[in-house]
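Indexing begins at 1, ligand by ligand and atom by atom, following the structure's order.
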Amino acid sequence: MKYIAFITSVLCLASSSLSYATTSASSNNAKLVNAVMPELMTLYMDLHQSPELSSVEFNTAKKLAKTARALGFEVTEQVGGTGVVAVLKNGQGPTVLIRADMDALPVKEQTGLAFASKVITTTEEGLQAHVMHACAHDTHMTSWIGTAKLLSENKENWSGTLVMILQPAEERGRGAKDMIADGLYKRFPKPDYALAFHNSASLKAGVIGYTPGFTFANVDSVNILVKGVGGHGAYPHATKDPIVLGARIVGALQTLVSRELDPQDPAVVTVGSFQSGTKHNIISDQALLLLTVRSYSDETRQTLLDGIARIAKGEGIAMGLPEKLLPEVIVKDEYTPATYNEPEFTKKMAQLFTVELGKERVIEVPAVMAGEDFGRYYKADNSIKSMIFWVGGVPFDKWQSAKETGEGLPSLHSPFWAPDARKVIATATQAMNSAVLTILAK
Ligand SMILES: [Zn+2]
Ligand SMILES: [Zn+2]
């Protein structure tokens with residue numbers, strides 16, 4: 001809990017600094033968004049048909065960089081790989097960062113849409129793969145352009161600096177890290193506020209969901225290499241069986257969350273893969289366990305990682321293994337930090353969105369254990385007030401029939417995920433535009 005107390009004490013938003021839009025301002029925002037929707041939908045369909053995998057978003061980045069440049073932004077390409085930074089300076093005032101992610105997934109689209117992706121490419125691993133915007137980052141990018149357009153065309157209504165970024169490789173948890181490492185906060189104006197949204201496959205189209213505080217989890221990948229002494233399955237006494245030891249470790253790991261953490265502190269330790277052996281009658285000499293480990297605070301993360309190492313080693317000792325054969329625990333460096341929505345700022349933005357969209361379209365939702373590398377923008381500098389929110393994409397008819405039939409809806413990353421893109425893009429663009437106009441009010 002120390003972590004939360006620290007953040008809330010450091011980040012204290014001056015409540016008087018953000019005033020809310022009036023109803024007339026919000027209907028004006030809605031009108032402005034409606035006027036740009038036809039061209040945004042054309043862009044959306046184009047992006048949807050030309051998805052690119054993580055870190056190779058070359059054409060996407062080039063295309064959108066060109067559009068941002070035409071809107072009057074100062075655009076720098078190839079920041080942290082294919083990342084794009086578009087800056088618009090418009091007088092005195094704070095700096096607001098808006099992020100959209102660009103990457104698609106190796107999924108074969110089965111939405112049946114007229115503009116479905118038919119792209120096939122070669123992955124980093126040399127495999128042939130279909131590519132689809134199955135996480136609908138195409139809606140994020142389209143709204144990003146919509147927001148850039150509205151704000152660049154209405155510069156008389158705000159004062160400050162806009163830093164709009166297109167981030168590569170979100171799906172690999174790498175893009176934000178690479179852009180920050182490439183000088184995002186040094187080569188470009190450092191943001192006071194950071195905003196992003198993600199489309200949601202569990203909210204009705206056009207509904208905004210927000211979570212003050214932690215909203216996405218710390219994500220660690222951990223390998224446990226269980227060593228043993230192999231031999232004949234009929235002579236187990238002459239071996240040290242890594243499958244038995246691995247199974248003990250898997251069992252003991254279940255007590256980490258259930259017996260070592262406060263029940264109010266959510267966490268996950270999942271063994272997603274357990275590989276060992278080749279044949280019925282051979283005792284293998286090693287097993288490999290692959291774990292995903294999820295938490296919110298830094299402290300809980302450390303408790304879990306320390307616990308995994310202790311349990312693996314302890315079970316090895318209990319098995320009677322010599323020091324050199326004790327299990328090896330490797331915490332992979334693919335860590336994605338938890339995403340923290342600064343609570344005061346988040347609540348103010350939620351109130352603003354309520355004025356904009358009506359209270360039935362803005363709801364508080366629980367945090368999730370999924371990962372999002374947007375958390376890095378805040379993690380790299382705790383003085384930035386940051387917020388990511390959900391924008392519902394489930395089409396009304398699908399929502400209704402799922403309710404009536406009890407059948408599930410496709411999730412993000414599903415080959416069937418076809419959000420109501422028009423609603424997602426219009427809602428997100430209106431929300432972002434109003435957020436910036438409020439934060440950078442003259
Ligand atoms: Zn995704
Ligand atoms: Zn995503």
| message | With a cut-off of 2.8 Å, does His137 put an N/O/S atom close enough to the Zn ion (ligand 2)? | response |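 Short answer: yes, at least one N, O or S atom is under the cut-off.
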| Which atom, counting only N, O or S, brings Glu171 closest to the Zn ion (ligand 1)? |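 That would be atom OE2.
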| field | Identified side chain to side chain donor-acceptor pair (under 3.5 Å) partner of Glu52 from the options Thr60, Thr82, Thr121 | value | Thr60
| message | Among Arg174, Lys177, Gln167, which residue satisfies the side chain to side chain donor-acceptor pair (under 3.5 Å) criterion with Asp373? | response | Gln167
| task | Please work out whether the ring planes of Tyr193 and Phe345 are parallel, tilted or perpendicular, with thresholds of 30° and 60°. | result | tilted
| message | Is the ring pair His133/His48 parallel, tilted or perpendicular, if the boundaries are 30 and 60 degrees? | response |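 His133 and His48: tilted rings.
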| message | I'd like to know: is the Zn ion (ligand 1) within the 2.8 Å range of an N/O/S atom from Cys135, strictly under that distance? | response | yes
